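Working notes, structure below.
Everything numeric in this text was worked out from a predicted model, so none of it was measured. Just so it is clear: chains get the letters A, B, ... in the order the sequence lines come, proteins before strands, and each one is counted from 1. In what follows, every heavy atom counts, from backbone to side chain, and hydrogens, waters and symmetry copies are set aside.
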There are 4 protein chains.
Amino acid sequence: MSGVSNDKHSAILDAAYTLFGSGGFYETKMSQVAEQAGIAKGTVYLYFKSKEELFMAVTRRDCEGFLQQLDGKLQARHSLTDKLAVIAEHHLFYYYERKQHTKLFFRAPNNNPELVAYMALFMEQYMQAVVKVLLEGGATEPELMAQSYIGMLDRLKMDILFDASFTAADALKRAHFAGRLFISGAMDNLHPSEG
Amino acid sequence: MSGVSNDKHSAILDAAYTLFGSGGFYETKMSQVAEQAGIAKGTVYLYFKSKEELFMAVTRRDCEGFLQQLDGKLQARHSLTDKLAVIAEHHLFYYYERKQHTKLFFRAPNNNPELVAYMALFMEQYMQAVVKVLLEGGATEPELMAQSYIGMLDRLKMDILFDASFTAADALKRAHFAGRLFISGAMDNLHPSEG
Amino acid sequence: MSGVSNDKHSAILDAAYTLFGSGGFYETKMSQVAEQAGIAKGTVYLYFKSKEELFMAVTRRDCEGFLQQLDGKLQARHSLTDKLAVIAEHHLFYYYERKQHTKLFFRAPNNNPELVAYMALFMEQYMQAVVKVLLEGGATEPELMAQSYIGMLDRLKMDILFDASFTAADALKRAHFAGRLFISGAMDNLHPSEG
Amino acid sequence: MSGVSNDKHSAILDAAYTLFGSGGFYETKMSQVAEQAGIAKGTVYLYFKSKEELFMAVTRRDCEGFLQQLDGKLQARHSLTDKLAVIAEHHLFYYYERKQHTKLFFRAPNNNPELVAYMALFMEQYMQAVVKVLLEGGATEPELMAQSYIGMLDRLKMDILFDASFTAADALKRAHFAGRLFISGAMDNLHPSEG
DNA sequence: GATGAATGAGCCTTCATTCAT
DNA sequence: CATGAATGAAGGCTCATTCAT
């Protein structure tokens, strides 16, 4: 029963994910989504109330997948170092696999409070997942540290997204680099003679 | 001071900065820019060929200001630690002062190659400024380290942008935190007992 | 008769024919066309990609009608004199019936190569139809003669277009005059005493 | 005194003649006219009240020149045949010399009653000049005959305007053809065996 | 007279959304 | 449920004209 309608629901989400991801919110037309999903334009509105709501749904599905996968991977690891490594690898590989969908993260609708709220929620959840790991390690400022770690990873992902020649091995290298830097700091690598 | 014709050019840039910053590219109407600048719609087009070109000009002015100010501040410092601190403070205070203009960084026109190219150039220049500091400190992987530091700062700025209650003192605290974490790593703060 | 969807297509062509014909290309607004056709502005664009394409379609339909009707009438006549008479009558009555649509022929969009090409094609086809008749009569310079005949008719139509008091009988009289003059020349009518 | 201002007046007319002629009324911008005339945009309005009035003035100057030259040439000829030949040559060579300015005749502003009236006046005057010649020859329907002759010439000019490879000799050949056809009719050239 | 910066009315076109079938 | 033809609001941009200098 719900199988058939879910099929269409998913087809729309998949189509929208592809199109929003490669073209961004404003450049993607509802008619393109319908065509890509193999259905009529009006049908999209039977499943999603508006273009913005569709974008929300795409984003939500994507973010939830991100968090769930992370959760699963973390449960298999037990040392702090391992867990931080898992986070780094997850973050970088997640975007590595989504090279083609950069616009999903950069070109969202501007003035949608619901989306803004959801993105804040997602960030909070992601951060809390990292905080939890750090608290197990006894961190004193876990939130700032979590934000910092995530921030490092997020910037290190940029070349992966925009440089087509990046390989999985490059991504892995960056994950290790990030883990090491975060744990030990830059000092190991520096000779802080006065400039 | 610098001439009457500059007045109107600047007025448009200022108006566009405010509006693009608070509403994003797509939500901002050229008529609003004109109204905010206190001129007629057609006049905007005497100074900027199109809406996209205006957005580019706003972005360029903003980014150039960011880099120039950073440069000036770095020249006054001499130790590596001081320079890293300056970078952190600059990054966080720059956005602190631009709380009202979030959208400028997040809601750009989607398919403008010129803008994409410019943003890549800006990021490269910012990174190279940090790389230079790190090289003076003898860093071996300066680019990855620079990206990581910038990433940390960029994430730490988020709350500043979106939480209206943040104060300058909060920003300063985060700057110090980031500097410390980057230099020494998280280990100082952790008790990595195996989970 | 020929389908519901054709109804709207035709309604737009009819409306555009009337408006372009009385106001010309530039003075006619797409909103007027829609209003005259009794549909919404956007609907026009479901049938015609642009204002220029709509003008082309109107022109093409009109010219094709002109040539087809001429062809039909010529097949019913067999002597050269009759055929020339038919051409003259067709030319003059065609415009007589289109008194209200002068501008269609005079006020086309300026720089549309497709339209220019089509008008050249139309003129060529019209001329060839006349050439064919003249060749059957053994003419030696059929193209120049055809152009000349058409030119006579085209000028004689002018008063018909612009003088509201012209009657069908006036048009017929002119058709006969043109045929006679073309066949026999002015000399019959002149007394070429040296001035 | 009036010399200097006449200079500017003429410069504007010359510029407008060139631009209207090659681009048509709607595609020609007042700023282009000013630039081509080597003066400021506002200055054009010191000499001509509006774009339409400027177009009128250009047209009027051109048409008056046409009629005056024709008049001069006719006075030098005395036989009817000569005069008709002069008319044909004048008509065809006039356009031959204006190959580059086709748009002046085809792309006029649409709804300007003053222009429509002037063009009608011009046509009347041209026709009367021909009528006068024909009356001297004793014609009985001089107006229709004049219109017919002018129409022939006008159509024969078309290839001259649009075919870049046309030479002055081609134009002359057509002029002779038109004169002959008009005087003697097509019959000389035809073998009106029944189709 | 000459300038050219400024004006603002006006139009083509797009596209999210609706609704009769 | 599905369709897709129809809608109409909305906005970027042009350009003839004006007027303060």
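- Remark: C1' of F:dT7 and CD of C:Glu35 are 15 Å apart, rounded to the nearest angstrom.
- When both pairing distances are held under 3.5 Å, F:dT7 makes a Watson-Crick or G-U pair with E:dA16.
- The side chain of D:Ala40 sits closest to E:dG4 out of F:dC13, E:dA16, E:dG4.
- In this structure, the CD atom of D:Gln32 is 17 Å from the P atom of E:dG4, given to the nearest Å.
- For the pair D:Tyr47 and E:dA2, the criterion of a side-chain N or O lying under 4.0 Å from OP1 or OP2 is met.
- Across all strands shown, the partner of F:dG12 is E:dC11, judged by Watson-Crick or G-U wobble contacts whose two distances both fall under 3.5 Å.
- Mapping A:Thr43 and B:Leu46 onto DNA chain F via the closest heavy atom, the residue that lands nearer the 5' end is A:Thr43.
- The CG-C1' distance, from D:Leu54 to F:dC15, rounds to 15 Å in whole Å.
- Distance, B:Ile39 CD1 to E:dG4 P: 20 Å, rounded to whole Å.
- Between the side chain of D:Lys51 and the base of F:dT17, no donor-acceptor pair under 3.5 Å is found.
- Side chain of A:Tyr45, nearest nucleotide from E:dA2, E:dA16, F:dT7: E:dA16.
- Considering only side-chain N and O atoms, B:Ser31 lies nowhere under 4.0 angstrom from the phosphate OP1 or OP2 of F:dG11.
- When both pairing distances are held under 3.5 Å, F:dT21 makes a Watson-Crick or G-U pair with E:dA2.
- Rounding to whole angstrom units, OH of residue D:Tyr26 and C1' of F:dA16 are separated by 13 Å.
- Using cut-offs of 30° and 60° for the angle between ring planes, the D:Phe25 and D:Phe55 rings count as perpendicular.
- Interatomic distance, CE of B:Met119 versus CE of B:Met56, reported as 9.5 Å (0.5 Å rounding).
- In terms of phosphate contacts, A:Lys29 brings a side-chain nitrogen or oxygen within less than 4.0 Å of OP1 or OP2 of E:dC15.
- Each of E:dT7, E:dT18, E:dG4 was ranked by its minimum atom distance to the side chain of D:Lys41; first place goes to E:dG4.
- Both A:Val44 and B:Ser50 sit near DNA chain F, but only A:Val44 has its closest nucleotide nearer the 5' end.
- As rounded to whole Å, 15 Å separates atom C1' of F:dA6 from atom CG of C:Asp7.
- The NZ-C1' distance, from B:Lys49 to F:dC15, rounds to 18 Å in whole Å.
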(request) Quick one: do C:Arg60 and C:Phe122 satisfy side chain to side chain contact (heavy atoms under 4.5 Å, CB included)? Show the steps, please. (result) CA-CA 9 Å; C:Arg60 187 177 280 123; C:Phe122 166 70; over 6 Å; no
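- When every heavy atom of A:Leu19 is checked against every heavy atom of A:Thr28, the shortest pair comes out as O-OG1, 3.1 Å.
- Checking E:dA2, F:dT17, F:dA5 against the side-chain heavy atoms of D:Met30 singles out F:dT17 as nearest.
- The nucleotide whose nearest atom lies closest to any side-chain atom of C:Lys8 is, among F:dG11, F:dA6, E:dC12, F:dA6.
- Here the side chains of B:Arg98 and B:Phe66 are not in contact, with every heavy-atom distance at 4.5 Å or above.
- Taking atom CZ on A:Phe25 and atom C1' on E:dA16, their separation rounds to 10 Å, with Å as the unit.
- Looking at B:Glu27 and A:Tyr26, their side chains do bring a donor and an acceptor atom within 3.5 Å of each other.
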